[in-house]
Amino acid sequence: MNSSLKDRFSDPQRGVYFIGTTPPRDNTPSDQVSDIADKLLGRLSAIDFDGVIVYDIQDESSRIDKPRPFPFMQTHDPRDYSRLIREKSQHPVITYKSVSQRDRHDFEQWLEEAWNNYGIRDIVMVGSPSSEGKVQLSLNDAYEALTEHQLDYNLGGVTIAERHAKKGDEHQRLLKKSAQGCSFFVSQAVYNPQATVDMLSRYARECKEQGITPQRVILTFTPCGSAKTLEFMEWLGISVPEATSYRILDAHNPLAESIRICRSNLEQIIEACIPLGIPLGLNIESLTNRKDEIDAAIRLFKLLKATLDLKLAENSL
């Protein structure tokens with residue numbers, strides 16, 4: 001059985017919609033892991049989603065000098081949690097895989113086990129968060145290993161608009177990753193819409209010049225309800241304009257204000273990018289385990305899905 005998401009991704013007139021989540025801590029008993037999955041899916045029962053994205057969390061402390069606002073915790077195996085979510089929800093799951101910590105042999109074994117033992121068909125591979133420390137397998141080498149492995153994974157990549165704002169070459173990364181087998185991309189959380197518009201516009205322009213069809217880009221959004229969450233977002237490298245930070249922190253209801261900001265940001269991206277022929281999608285996540293932010297992520301999902309669906313319908317007239 002191959003990926004069921006490939007067909008959904010192939011229609012450029014259709015949006016695709018995901019919820020992002022992190023596996024529980026690795027010391028969580030299996031019965032509690034199942035309960036946590038049930039609670040998540042209970043929240044998702046009220047929304048119309050295409051699938052779930054399960055992250056493979058890395059310790060990114062080598063990327064930045066500042067201390068991590070929330071302590072890093074090892075998590076349950078993302079493959080196992082993905083299988084649990086897929087079996088309970090009967091929805092596809094995209095599983096992230098951090099490739100830098102193990103060598104090629106271990107990675108190839110991971111691919112075999114993920115496919116045969118966990119039923120995983122859709123993956124996003126991520127490289128080392130920085131050039132510091134020991135990298136046992138580069139992202140380029142992981143792409144090469146997957147190409148030679150013959151398993152028909154539906155492969156996605158990560159795209160970071162902030163990197164384009166600094167270096168101006170993220171569109172080249174998208175093209176290179178496409179050539180290496182990526183058929184979709186998932187963005188870092190968006191709070192600086194102009195950076196995303198600049199990146200996608202340059203990508204679309206380059207695709208047009210080369211006669212290439214742009215791959216689908218799934219835009220990630222997250223609610224922010226506190227100064228601590230905002231600090232964590234900035235620690236992760238998410239670009240938050242100063243005025244946007246003040247607008248959230250000074251609001252009577254910061255969570256509601258962040259949702260309004262996310263909707264405005266999405267509308268700005270849609271207006272600029274839908275005419276460029278880039279198929280879009282959404283991934284909504286909560287960066288913390290605070291109940292109010294998790295609940296806000298569901299409200300944000302409903303609002304942004306309705307926004308993108310409406311714009312796509314208007315565009316098809």
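Heads up: numbering here begins at 1 and tracks the sequence. Note that these values count all heavy atoms, side chains included, but never hydrogens, waters or copies made by symmetry.
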**Q** Determine, stepwise, if the pair D141 / S138 fulfils side-chain hydrogen bond (donor to acceptor under 3.5 Å, both in side chains).
**A** CA-CA 5 Å; D141 288 343; S138 72; 3.2 Å; yes

**Q** In plain terms, say whether R202 and D198 are close enough for a salt bridge, that is, a side-chain N and a carboxylate O under 4.0 Å apart.
**A** no

**Q** For Y17 and D309, test the side chains for any donor-to-acceptor distance below 3.5 angstrom and give the result as yes or no.
**A** yes

**Q** Looking at L146 and F107, what are the two nearest heavy atoms and their distance?
**A** N-CE2, 4.4 Å

**Q** Checking side-chain polar atoms at under 3.5 Å, does Q188 have a donor or acceptor matched by the opposite partner on T220?
**A** no

**Q** Any ion pair linking R14 and D50 (charged N to carboxylate O, less than 4.0 Å)?
**A** yes

**Q** When you compare the side chains of R290 and S226, does any donor N or O come within less than 3.5 Å of an acceptor on the partner?
**A** yes

**Q** We want to know whether S34 and K88 form a side-chain donor-acceptor pair, criterion being a heavy-atom distance below 3.5 angstrom.
**A** yes

**Q** Salt-bridge test for R79 and D77: reply yes if a basic N is under 4.0 Å from a carboxylate O, no otherwise.
**A** yes

**Q** Any sub-3.5 Å donor-acceptor pair from N116's side-chain atoms to E112's backbone N or O?
**A** yes

**Q** I want to check a possible cation-pi pair here: R121 against W115, using under 6.0 Å from ring centre and within 45° of the ring axis as the test.
**A** yes

**Q** Can you say whether the rings of Y96 and Y55 are parallel (under 30°), tilted (30 to 60°) or perpendicular (over 60°)?
**A** perpendicular

**Q** When you look at E293 and L255, which way does the side-chain contact (heavy atoms from CB on, under 4.5 Å) test go after all the steps?
**A** CA-CA 7 Å; E293 291 191 342; L255 265 180; 3.9 Å; yes

**Q** For the pair E271 and K311, find out whether any cationic side-chain nitrogen is under 4.0 Å from an anionic carboxylate oxygen.
**A** yes

**Q** Quick check: closest heavy atoms across L175 and C207, and the distance to 0.1 Å?
**A** CD2-SG, 4.0 Å

**Q** Between Q180 and N140, is there a side-chain donor-acceptor contact under 3.5 Å, judged purely by atom types and distance?
**A** yes

